[in-house]
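Structure, as structure tokens:
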Amino acid sequence: MEGHYDFKSIEARWQEYWEDRKQYKVTLTADKPKYYVLEMFPYPSGALHMGHIRNYSIGDVVARYKTMQGYNVLHPMGWDAFGMPAENAAIQHGIHPAKWTAANIANMRRQQQQLGTSYDWDREVTTCLPDYYRWTQWLFLLFYHRGLAYRRKAPVNWCPSCQTVLANEQVINGSCWRCETQVEKKELEQWFLRITDYADRLLKDLELLEGWPEPVKIMQENWIGRSEGAEVVFSIKDREEKITVFTTRHDTLFGVTFMVLAPEHPLVMDLVRGTEREEAVGDFVKKAIKRRDASKDGEELGKEGIFLGAYAINPVNGEEVPIWVSDYVLMEYGTGAVMGVPAHDSRDFAFTKKYGIPQRIVIVPEKDAPVPEELTEAYAADGYLVNSGPFDGLPVAEAQEAIADYLEEKGIGRRAVSYKLRDWLISRQRYWGAPIPIVYCDQCGTVPVPEEELPVMLPEDVVLKEGAVQPLSQVGEFVHTSCPKCGGPARRETDTMDTFICSSWYYLRYTDAGNEEAPFGKEAVNYWMPVDQYIGGIEHAVLHLLYSRFFTKVLYDAGLVQCLEPFTNLLTQGMVIKDGAKMSKSKGNVVTPEEIFEKYGADTARLFILFASPPERELDWSDQGVEGAWRFLNRVWRLVNNNVDLIKAAGEAKESASEEDTGLRRQLHETIKKVTEDIERFNFNTAISAIMELVNGIYRYQDKLELAEQNPALLREVLEKTVLLLAPFAPHLTEELWRILGHDGSVHQQDWPVYDPAALVREEVKIVIQVNGKLRERLQVPVGISQEELETRVLDLERIRALTEGKEIVKIIHVPGKLVNIVVK
RNA sequence: GCCGAAGUGGUGGAACUGGUAGACGCGCUGGACUCAAAAUCCAGUGGAGCUCAAACUCCGUGUGGGUUCGACUCCCACCUUCGGCACCA
């Protein structure tokens, strides 16, 4: 590697320098503007992959740039350290999860340091350590005392491979988000967090998040799934009970021809008890539930149903309609009961086709349009009401208001809102998680562990075996305890918490990581929060990012934080792909950070990753592209080293600057402007390309001029600022070059360069000349030239004369300093 | 089915508010240096036409229309790819 810079010794030396000086340690400094930049903390799986490298490279550029701009920058790192892989490793290799996790953390932390990241390691958090999960438990109790944590028996998602339940957000296409095993339904008694209480605020406050990508907000919006509509109460013929339905189309209430209940609806069996239908309906319900549980998500089941022999009475017209039960109605949404309007709902339409239930048209597309005999498909679009008694002729939107008023007046219904969002199921039947701080006592019932007894320690001595459910229930000395209330014998909760709880508040802990009295102190959290820039993968759009927003809102209500939202700006980075596919072991297209560090060093890895594509897009890994980044850094290295002697002797700038001097200086200041603006917009790729152009410009300057003609003072300015501009991207190399240029201290503690507007001024500009919008000529003119003067000059040009000869000039468009367009006929 | 994102040279990508399409990098071609190679440096590089050459002309940002003096950019319709949701009443 003759002629290449010695990245190995340079990178190791500066990493040591930073560590020795604790250069990136940050403290609360009230008189300095703060900036909190955060990358999503990793699960300690064992080693970093390129996605991590991309994530941390982006964050590190922002942190270093903001530091140079004078901000007090908080840039922490930690470990999302509870979770299944550790437990699986224990089962397969007999290593204790704590040991496995600690070893992985050590390795990954070493790799992050190799990358040259500017983390304040004094604030490192590790969610599986008692000094962290103690506060996770404390927060659970806070939720519990605020009525936001509750236990209930419910049908839940069960992953047979992970042997645990999952939250709705963790079921992807009917499969477990971690292992992709098909999820089953189980009826279990589980702990939930009442996130649905916050549905409306989680939705509404998306408006506050101007710094979030629109697609992420839309995904959350869809996930929360707010629908406005009405609840309508139907009586049942010859019975006391009533059925409440939720509908968004109460304007179609006169078109109801049947009623459908979900198989799990409590009224289903009540209605048939003691009748000839009891057995058939019972069978149907059992089969329907089974069939649905076994089905894949997204698979359309062919709407099976059975008549219950009972009739509901439509409260607006007194009509009696048959009550059915069908698997296309979900118990979990709305009221678990649906009014059937086949003419205006495609599902109801399909169902009635199958069972021969009549339809009634109550909406027509145009006012006073004839009502068709029959529809071939449901008409769900906008229109005007017909066959709807006093509401005939009203447009849909008005009819909804009028009918809602009517329902409320008559006490037969009310306006209502329904959400798709469900409460967050947080119990996990696993060992490697934070124990839920709850005790069950035969005398006192469910008793929260008192705050001063926290943490409820996760016992270390546990046997983990394949297929074992609730490993904690096997640990006698953990399970058996005394009731905090009455002192009598009691049992501990043996489920642990979803790891997403741990990651829902870690960004708060960083602000005050060592605090032993509280999860975080008020002063610290209010100084640092919210996170100014959060960076991570889009896969967390409705998981971590929604949960964290929920946590922040609850803590806001509890008076523990002052911000309504945790993350002001969000950058969702794209995936790293190679040869058209995501890097994966099975595809055999993995490039490890290790091999790149070894061959080219961290600066090259960072530069390539940031240069190859804008951060939110996919990154196509190219070995040749890496070579290119490597070549560029060497080009910078040679440029500085070749000029050290020259510029060290430099005095003041020469009096009469040459044309080349002015040009180079202008390019420098244009580059400072562009790089600054590009970093602000996260266009790192174009920021780097501008630095490359500047370096090319310096080479060209020196190529063109004899040594004696060059301006050493100018070269000094240009080279120093080039090094400063490159510093956030290639932190090690620029430290070394800064030292070579004769400076003490760290380049990262210098001020970010500011461009000189005077240097940008040009005397002449090149004007593009178009005829009828087509480029025909270019003209160099003085900057201040008047429109008239320019016009005369343009029309006088030989080419333009030839093109306009004998034609009528309709008009001439001027774009000052840029373009003249002559429109001819 | 619904919602969203993206389609630009051989290639990754640039063009920020409608104003020189293809910056920068990769690759390729030619040259310099070298006994030779590596490394490095210099020059060229969207396509077609016409040229000794330069100049010039035409075509060109997924497709088809439109708006405009001027469209990768705005509008309408469509195609393809990728992502999210999915019987949500």
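The analysis underlying the following values was restricted to heavy atoms, covering all of them including side chains, and did not include hydrogens, waters or symmetry mates. In the text below, chain A, chain B and the rest are named by the order of the sequence lines, each starting its count at 1.
B:rG25 and B:rU80: their C1' atoms are spaced 28 Å apart (whole Å). For the C1' atoms, the distance linking B:rG47 with B:rG60 amounts to 7 Å, nearest Å. Comparing the same atom, C1', in B:rG27 and in B:rG13 gives a spacing of 14 Å after rounding to whole Å. Annotation: B:rU67 and B:rC16 have their P atoms spaced 25 Å apart (nearest Å). Spacing of P atoms, B:rC50 relative to B:rC42, comes out at 35 Å, to the nearest Å. For B:rU73 and B:rA15, the C1' atoms lie 10 Å apart once the distance is rounded to whole Å. The gap from the C1' atom of B:rC26 to that of B:rC78 amounts to 35 Å, rounded to the nearest Å. Taking atom P on both B:rG19 and B:rG30, the two are 39 Å apart, rounded to the nearest angstrom.
Residue-environment remark: CD (A:E764) exceeds the threshold of 12 foreign heavy atoms within 6.0 Å. Counting non-hydrogen atoms of other residues, nucleotides and ligands closer than 6.0 Å to CD of A:E180 gives a total of 12 or fewer. Other residues, nucleotides and ligands place no more than 12 heavy atoms under 6.0 Å from the CD atom of A:E228. At most 12 heavy atoms of other shown residues, nucleotides or ligands fall within 6.0 angstrom of atom CD in A:E377.
A:W177 places its CH2 atom 19 Å from the P atom of B:rG83, with the value rounded to the nearest Å. As rounded to whole Å, 20 Å separates atom C1' of B:rA86 from atom OH of A:Y419. Going from atom CD1 of A:I769 over to atom P of B:rG19 covers 18 Å, rounded to whole Å. For A:Q667 and B:rA23, the CD to P distance is 16 Å, given to the nearest whole Å. Summarising the geometry, the separation between CG on A:D6 and P on B:rA39 is reported as 19 Å, rounded to the nearest angstrom. To the nearest angstrom, C1' of B:rC16 lies 9 Å from CG of A:D678. Protein atom CD of A:E264 is 13 Å distant from nucleotide atom P of B:rC87, rounded to whole Å. Summarising the geometry, the separation between CG on A:L775 and P on B:rC59 is reported as 14 Å, rounded to the nearest angstrom.
Residue A:I218 is classed as a sugar-phosphate contact, given heavy-atom separations below 4.0 Å to backbone atoms only. At the heavy-atom level, A:R778 lies under 4.0 Å from base atoms of the strands shown. As judged by a 4.0 angstrom heavy-atom cut-off over every strand, A:G628 is placed among residues touching the sugar-phosphate backbone only. Contact annotation for A:E693: backbone-only contact, meaning every heavy-atom pair under 4.0 Å involves sugar-phosphate atoms and none involves a base. Residue-level contact check: A:K420 touches the bases, meaning some heavy atom is under 4.0 Å from a base atom. Within 4.0 Å (heavy atoms only), A:S418 reaches no atom of the nucleic acid at all. A:T248 comes within 4.0 angstrom of the backbone, heavy atoms only, and of no base. Residue contacts for A:K766: at a heavy-atom cut-off of 4.0 Å it reaches no nucleic acid atom on any strand shown. Counting any heavy atom pair closer than 4.0 Å across all strands shown, A:R681 reaches a base atom. Here A:V329 lies in heavy-atom contact (under 4.0 Å) with a base. Using a 4.0 Å heavy-atom criterion, one finds that A:N821 contacts the bases of the nucleic acid, with or without backbone contacts as well. Nucleic acid contact class of A:R776 (heavy atoms, under 4.0 Å, all strands): sugar-phosphate only. If you check every strand for non-hydrogen atoms under 4.0 Å, A:N696 touches sugar and phosphate atoms only.
Counted by atom type alone, A:N643 and A:Q702 present one or more donor-acceptor pairs between their side chains at under 3.5 Å.
Of the candidates A:I822, A:V771, A:V824, A:N772, A:V824 is the only one forming a side-chain contact (heavy atoms from CB on, under 4.5 Å) with A:K807.
Distances from the side chain of A:T686 to the nucleotides B:rA89, B:rA23, B:rC69 place B:rA23 closest. In this structure, the nucleotide among B:rU20, B:rA5, B:rA89 sitting nearest to the side chain of A:P215 is B:rA5. The side chain of A:S689 lies closest to B:rA23, out of B:rC41, B:rA23, B:rC69. Set against B:rA89, B:rG25, B:rC58, the side chain of A:M692 has B:rG25 as its closest nucleotide. Considering only side-chain atoms of A:Q624, the nucleotide from B:rC42, B:rC26, B:rC3 that sits closest is B:rC26. Residue A:S227 has its side chain nearest to B:rA89 when only B:rG19, B:rA89, B:rG27 are considered. Comparing B:rG13, B:rU20, B:rC59 against the side chain of A:Q770 picks out B:rU20 as the nearest.
A salt bridge links A:K354 and A:E304; the closest N-O separation between the charged side-chain nitrogens and carboxylate oxygens is under 4.0 Å. Using a 4.0 Å cut-off between charged nitrogen and carboxylate oxygen, A:K673 and A:E677 count as a salt-bridge pair. Residues A:R249 and A:D345 are not paired through a salt bridge, judged by the lack of any N-O separation under 4.0 Å between the basic side chain and the carboxylate.
Applying the 4.0 Å criterion to OP1 and OP2 of B:rC42, one finds that A:R700 has every side-chain N and O outside that range. Between A:R631 and B:rA39 there is no side-chain N or O to OP1 or OP2 distance below 4.0 Å. A sub-4.0 Å separation between OP1 or OP2 of B:rG84 and a side-chain N or O of A:K217 is absent.
Both A:W223 and A:R422 lie near RNA chain B, and the one whose nearest nucleotide falls closer to the 5' end is A:W223. Comparing A:R635 and A:M331 against RNA chain B, the residue whose closest nucleotide sits nearer the 5' end is A:R635.
Relative to the six-membered ring of A:Y328, A:K303 meets both conditions, a distance below 6.0 Å and an angle of at most 45° to the axis.
In the interface, the side chain of A:K811 is not paired with the base of B:rC69 through any donor and acceptor atom under 3.5 Å apart.
The aromatic rings of A:Y355 and A:W324 lie tilted to each other, with the angle between the two planes from 30° to 60°. Taking the six-membered ring where the residue is Trp, A:F7 and A:Y5 present perpendicular rings, their angle passing 60° and hence far from 30°.
Taking the O4'-C1'-N9-C4 or O4'-C1'-N1-C2 dihedral as appropriate, B:rG9 has a value within 90° of 0 and is therefore syn.
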Intermediate values then yes/no, salt bridge (Lys or Arg N to Asp or Glu O under 4.0 Å), A:R360 and A:E319 = CA-CA 12 Å; A:R360 179 186 299 149; A:E319 266 182 45; 2.8 Å; yes
Go through the steps for A:E214 and A:K217 under the test salt bridge (Lys or Arg N to Asp or Glu O under 4.0 Å), then give the verdict.
-> CA-CA 5 Å; A:E214 213 53 42; A:K217 288 193 274 187; 3.7 Å; yes
Please list, pair by pair, any protein nitrogen or oxygen found under 3.5 Å from a nitrogen or oxygen in nucleotides 6-12 of chain B.
residue	atom	partner	partner atom	Å
B:rG12	O2'	A:A612	O	2.8

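Paired runs in RNA chain B that reach 3 or more consecutive Watson-Crick or G-U pairs, where each pair keeps both distances under 3.5 Å, cover B:1-7 with B:79-85, B:10-12 with B:24-26, B:27-32 with B:40-45, B:46-49 with B:56-59, B:62-66 with B:74-78.
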